[in-house]
Trainee: 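There's a structure below that I have some questions on.
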Amino acid sequence: MAERKATVERNTLETQVKVSLDLDGTGAARFDTGVPFLEHMLDQIARHGLIDLDIHCRGDLHIDDHHTVEDIGITLGQAFAKAVGDKKGIQRYGHAYVPLDEALSRVVIDFSGRPGLHWNVPFTRATVGRMDVDLFLEFFQGFTNHAQVTLHVDNLRGVNSHHQIETVFKAFGRALRMALAEDPRMAGVMPSTKGCL
């Protein structure tokens, strides 16, 4: 399989984002975003997905975290789309269940070429630390639209909102790892009866 790396920069009046990734990495991660809790969650994607991630962002945090979180999701999605390439030989589908104490989440992903986010995460409170939990939906919506994936995210149970979202990000990393894995029986073959994704 060809090298699956990408670097994408996205610059607007609200944010300047640079994402570099290696889908066949070791889980190495470097972040400089100004949003510490988001960085903690991005680290889950890297570690559990075995994806090397380097993400830098300068955003209008003096307003709030919204543009930074959303635009990182968008740029990360663009980088994934670029790194995955034509999708020949990949598993295409991935899923994972991840617990953390009382919380349990399930994430299912399809590198379908058809963006669709189905989000069911009933947070038990409005913030984790200083971070507004609504921003996690914005992150995943941005990722889904620009990676062009179908993504189902379900928090099945949980009391602690930190645990709820951490299980989501860990499961997301694991599902990515499964979906992007090489299928030796599909070497060079498009995993679709349509012949394209």
Trainee: Tell me whether Gln164 contacts the main-chain N or O of Thr124 through its side chain, where contact means a donor paired with an acceptor under 3.5 Å.
Mentor: yes
Trainee: Anything under 30° is parallel, anything over 60° is perpendicular, the rest tilted; go ahead and classify Phe37 against Phe136.
Mentor: perpendicular
Trainee: Can you list, pair by pair, the side-chain donor-acceptor contacts under 3.5 Å of residues 190-197, counting residues two or more places apart and other chains?
Mentor:
residue : atom : partner : partner atom : Å
Ser192  : OG   : Lys194  : N            : 3.1

Trainee: Does atom CD1 (Ile63) have a neighbourhood of more than 12 heavy atoms from anything else shown, all under 6.0 Å?
Mentor: yes
Trainee: Do Leu23 and Asp52 come close enough that some side-chain heavy atom pair is under 4.5 Å?
Mentor: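 SC-SC contact between Leu23 and Asp52 ruled out.
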Trainee: Do Val128 and Val133 make a side-chain contact, defined as non-hydrogen atoms from C-beta onward lying under 4.5 Å apart?
Mentor: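 In contact.
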Trainee: State, to 0.1 Å, how close Ala79 and Val8 come at their nearest heavy-atom pair, and which atoms those are.
Mentor: CA-CG2, 3.7 Å
Trainee: At what distance, to the nearest 0.5 angstrom, does CZ of Arg58 lie from CG of Asn11?
Mentor: 12.5 Å
Trainee: Drop me the distance from Ile51's CD1 to Leu42's CG, to the nearest 0.5 angstrom.
Mentor: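 Result: 11.0 Å between the selected atoms.
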Trainee: Taking the six-membered ring for Trp and the single ring otherwise, decide whether the centroids of Phe172 and Phe140 are under 6.0 Å apart.
Mentor: yes
Trainee: Minimum heavy-atom separation for Ala46 and Ala29, please, with both atom names.
Mentor: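 For Ala46 and Ala29, the tightest heavy-atom pair comes out as CB-CB, 3.9 Å.
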Trainee: Taking the side chain as C-beta and beyond, is there a heavy-atom pair between Leu135 and His66 under 4.5 Å?
Mentor: yes
Trainee: I want to check something: taking the side chain as every heavy atom from C-beta on, are Ile109 and Leu176 in contact at a cut-off of under 4.5 Å?
Mentor: yes
Trainee: Would His40 and His162 satisfy side-chain contact (heavy atoms from CB on, under 4.5 Å), going step by step from the backbone distance to the final call?
Mentor: CA-CA 11 Å; His40 178 46; His162 185 138; 3.7 Å; yes
Trainee: At what distance, to the nearest 0.5 angstrom, does NE2 of His67 lie from OG1 of Thr12?
Mentor: 8.0 Å
Trainee: Minimum heavy-atom separation for Ser112 and Lys87, please, with both atom names.
Mentor: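 Minimum heavy-atom separation between Ser112 and Lys87: C-NZ, 4.3 Å.
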Trainee: Are Gln44 and Val168 packed together at the side-chain level, in the sense that at least one heavy-atom pair is separated by less than 4.5 angstrom?
Mentor: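 Gln44 does not reach Val168 side chain to side chain.
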Trainee: Would the distance check show the side chain of Asn155 and the main-chain N or O of Leu104 forming a donor-acceptor pair, the cut-off being under 3.5 Å?
Mentor: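 Such a contact is found between Asn155 side chain and Leu104 backbone.
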Trainee: Looking at every heavy atom in both Thr144 and Pro115, which two are closest together, and how far apart are they?
Mentor: O-CB, 3.5 Å
Trainee: Within the structure provided, determine whether Asp101 and Asn160 are in side-chain contact (heavy-atom separation under 4.5 Å).
Mentor: no
Trainee: Working to the nearest 0.5 Å, report the span between OG of Ser105 and CG of Asp154.
Mentor: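 Going from the OG atom of Ser105 to the CG atom of Asp154 covers 8.0 Å.
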Trainee: So Leu21 and Leu76, do their side chains get closer than 4.5 Å, heavy atoms only?
Mentor: yes
Trainee: So that I can tick it off, tell me whether Asp110 and Arg92 are bridged by a salt bridge, with the cut-off set at under 4.0 angstrom between side-chain N and carboxylate O.
Mentor: yes
Trainee: So, taking the atom named CD in Gln78 and the one named NZ in Lys82, what distance separates them when rounded to the nearest 0.5 Å?
Mentor: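 So the gap between those two atoms works out to 10.0 Å.
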Trainee: Is it the case that atom CZ in Arg30 sees more than 12 heavy atoms from other parts of the structure closer than 6.0 Å?
Mentor: no
Trainee: Between Asp65 and Arg130, is there a salt bridge with N-O shorter than 4.0 Å?
Mentor: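 Salt bridge flag = yes for Asp65 with Arg130.
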Trainee: Could you check whether any side-chain N or O of Arg4 sits under 3.5 Å from a backbone N or O of Gly85, counting only pairs where one atom can act as donor and the other as acceptor?
Mentor: no
Trainee: For the NE2 atom on His95, are there more than 12 heavy atoms of other groups (residues, nucleotides or ligands in this structure) within a distance under 6.0 Å?
Mentor: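 Open.
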Trainee: Rounded at 0.5 Å granularity, tell me how far CZ in Phe139 sits from CD1 in Ile72.
Mentor: 8.0 Å
Trainee: Could you walk me through whether Phe143 and Asn145 pass the side-chain contact (heavy atoms from CB on, under 4.5 Å) test, one step at a time?
Mentor: CA-CA 6 Å; Phe143 177 88; Asn145 289 345; over 6 Å; no
Trainee: Apply side chain to side chain donor-acceptor pair (under 3.5 Å) to Thr150 and Arg114, showing your working.
Mentor: CA-CA 6 Å; Thr150 303; Arg114 298 183 304 280; 5.1 Å; no
Trainee: Identify the two heavy atoms, one from Val84 and one from Ile90, that lie closest to each other, and give their separation to 0.1 Å.
Mentor: CG1-CD1, 4.4 Å
Trainee: Are there more than 12 heavy atoms of other residues, nucleotides or ligands under 6.0 Å from atom CZ of Arg10?
Mentor: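 Correct, the count exceeds 12.
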Trainee: Please answer whether the main-chain N or O of Val159 pairs with a side-chain N or O of Glu102 as donor and acceptor at a distance below 3.5 Å.
Mentor: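 Side chain of Glu102 to backbone of Val159: a pair is present.
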Trainee: Counting only N and O atoms by type, is there a donor-acceptor contact under 3.5 Å from the side chain of Asp60 to the main-chain atoms of His62?
Mentor: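 Not a single qualifying donor-acceptor pair exists.
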Trainee: Are Tyr97 and Thr167 side-chain neighbours, meaning at least one heavy-atom pair lies under 4.5 Å?
Mentor: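 No. Closest side-chain heavy atoms not under 4.5 Å.
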Trainee: Sequence neighbours excluded, which residues qualify as ring-ring contact (aromatic ring centres under 6.0 Å, His included) partners of His48?
Mentor: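 Scan of His48 (ring-ring contact (aromatic ring centres under 6.0 Å, His included), adjacent residues dropped) gives none.
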Trainee: Would you find a donor on one side and an acceptor on the other, under 3.5 Å apart, between the side chain of Thr15 and the backbone of Val17?
Mentor: no
